[in-house]
Amino acid sequence: MAMFFDPFTEFGRLASSLNGGQTGQRFMPVDLYREGDHYVLNADLPGVDPESVDIDVDGQVLTIRAQRTADIRNGVKWLAQERPHGSYVRQFSVGEGIDSESITAHYDNGVLSVLLPVSERAKPRKIEVQGSATREQAALQS
């Protein structure tokens, strides 16, 4: 059986154990894609209480904050406690093409989904090209 030793992982575990398991803000992996006239942002937040999730838009910056509390049990001796806890924060530049008034979010099975609608002015549109005959007809109708 092959054994693998990663000194950086072991160093991270040592540092985490020295500061009581807290290592600051946690990484929040996301997927982001466009579907029709809106963007969808899915963020993995397993074990996070939906009440702790805070999403705000300030100008062109979308900020997602969440908190996962540590599992504290009295009278137990932990043999392993590797699931991360602490605060999660991610910021995204949303640009001017997002209708920030219509952003919605829901949390299901550890995944936060944020729907970001494209604003009307940013949606693609067709522009009719008028020839000289069309202009003359429009002038005659006036």
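Side-chain atoms are counted along with the backbone in the values below, which use heavy atoms only and exclude waters and symmetry mates.
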Given 3.5 Å as the limit, does a donor-acceptor pair link the side chain of [X] with the main chain of [Y], or not?
{"X": "Y107", "Y": "L45", "answer": "yes"}
{"X": "R34", "Y": "G36", "answer": "yes"}
{"X": "Q81", "Y": "A70", "answer": "no"}

Please name the pair of heavy atoms, one in [X] and one in [Y], separated by the smallest distance, quoted to 0.1 Å.
{"X": "Q67", "Y": "V48", "value": "O-CG1, 3.7 Å"}
{"X": "V94", "Y": "I98", "value": "O-CG1, 3.2 Å"}
{"X": "S102", "Y": "P117", "value": "O-CG, 3.4 Å"}
{"X": "E96", "Y": "Q60", "value": "CG-NE2, 2.6 Å"}
{"X": "V89", "Y": "R65", "value": "CG2-CG, 3.9 Å"}

CG-CD distance between D58 and Q91, expressed to the nearest 0.5 angstrom:
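Separation between the atoms: 9.0 Å.
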
I need the D56 CG to L62 CG distance, nearest 0.5 Å.
7.5 Å

Could you list who else is in I127's hydrophobic cluster, with ILVMFWY side chains joined at under 4.5 Å, directly or through other members?
none

Side-chain contact test, heavy atoms from C-beta onward, threshold under 4.5 Å: evaluate it for [X] versus [Y] and give yes or no.
{"X": "L115", "Y": "I103", "result": "no"}
{"X": "F92", "Y": "V30", "result": "yes"}
{"X": "Y33", "Y": "N42", "result": "yes"}

Only one of L112, I64, D31 clears side-chain contact (heavy atoms from CB on, under 4.5 Å) with L41; which?
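Result: among L112, I64, D31, I64 is the only option passing the side-chain contact (heavy atoms from CB on, under 4.5 Å) with L41.
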
Can V61 be reached from V114 by stepping across I, L, V, M, F, W or Y side chains whose heavy atoms are under 4.5 Å apart?
no

